[in-house]
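The structure under discussion appears below in the form of structure tokens.
Residue numbers count from 1 along this sequence.
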Amino acid sequence: MASDVHPVRRRAPAPPAALDLLARARACLAEASALDSPDERYAAAHLAALRAAAAVIAVRARPETGRRTRQRIRSAWEVLPELAPELTEWSALFASGAARRARAEAGVRGAATARDADDLLRDAAMFLRLVERLLALRPTPRPRTSPEAIGWERS
């Protein structure tokens, strides 16, 4: 082997926690698409997006060095733009739906309309695909189905 050749470092694989979060996000999207209640569908889709954001945080966050001071707890949607500025608009979108998700999870009927839920389901699916690309992960192949077959065309 030549002494002047430097090995190219391979990109480190995503941590198992990030891979688990992405798998859970995909499962949550599948579950959301099968739910009849718009409130439940909305909450599940939002949770899927949150898990995808958590995967980015798991990959990109670095432990704080130096003196630890107690800071306020921040949501994933606040932290994500610092670690992945290219996802800032997505963070804003999902942050704006957090209160609606909380109402839906609390059982407040009518927290989300069918249109709200379907729009968020599509947005969360797109966000998950973007996160997988961002983290250089291959998305899991999905069977080809029409939007109607998975309930996205409800009105």
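- Salt bridge status for Asp118 with Arg115: absent, with no side-chain N to carboxylate O gap under 4.0 Å.
- Contact detail for Ala117 and Pro38: the closest heavy-atom pair is CB-O, 3.4 Å.
- Contact record, Ala43 with Ala104: CB-CB, 4.2 Å, taken as the closest heavy-atom pair.
- Using a 4.5 Å heavy-atom threshold, the side chains of Leu22 and Leu135 count as touching.
- With sequence neighbours left out, the salt bridge (charged side-chain N to carboxylate O under 4.0 Å, His left out) criterion links Glu78 to Arg72.
- The CG atom of Leu50 sits 9.0 Å away from the CG atom of Leu21 when rounded to the nearest 0.5 Å.
- Separation of atoms CZ (Arg41) and CG (Leu29) is listed at 12.5 Å; rounding is to 0.5 Å.
- Asp20 CG to Arg51 CZ: the interatomic distance, rounded to the nearest 0.5 Å, is 8.5 Å.
- Annotation: cation-pi pair Arg100/Tyr42 present, NZ/CZ under 6.0 Å from the ring centroid and within 45° of its normal.
- With hydrogens and angles ignored, the 3.5 Å screen pairs no side-chain donor or acceptor of Arg103 with any backbone N or O of Val108.
- Rounding to the nearest 0.5 angstrom, the gap separating the CD atom in Glu132 from the CG atom in Leu19 is 10.0 Å.
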Q: Verify salt bridge (Lys or Arg N to Asp or Glu O under 4.0 Å) between Arg26 and Glu31, making sure each step is shown before the conclusion.
A: CA-CA 9 Å; Arg26 284 188 291 278; Glu31 176 189 330; over 6 Å; no

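- In this structure, Ala52 and Val131 approach most closely via the heavy-atom pair O-CG1, 3.7 Å.
- Between the side chain of Asp116 and the backbone N or O of Thr113 there is at least one donor-acceptor pair closer than 3.5 Å.
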Side chains of residues 86-94: which donor-acceptor pairs under 3.5 Å do they make with residues two or more places apart or in other chains?
residue, atom, partner, partner atom, Å
Glu86, OE2, Arg60, NH1, 3.4
Glu86, OE2, Arg60, NH2, 3.4
Thr88, OG1, Pro85, O, 2.7
Ser91, OG, Leu87, O, 3.2

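- In this structure, His46 NE2 and Glu105 CD are separated by 9.0 Å, a value rounded to the nearest 0.5 Å.
- Nearest heavy atoms, Ser33 versus Leu121: CA-CD2, 3.8 Å.
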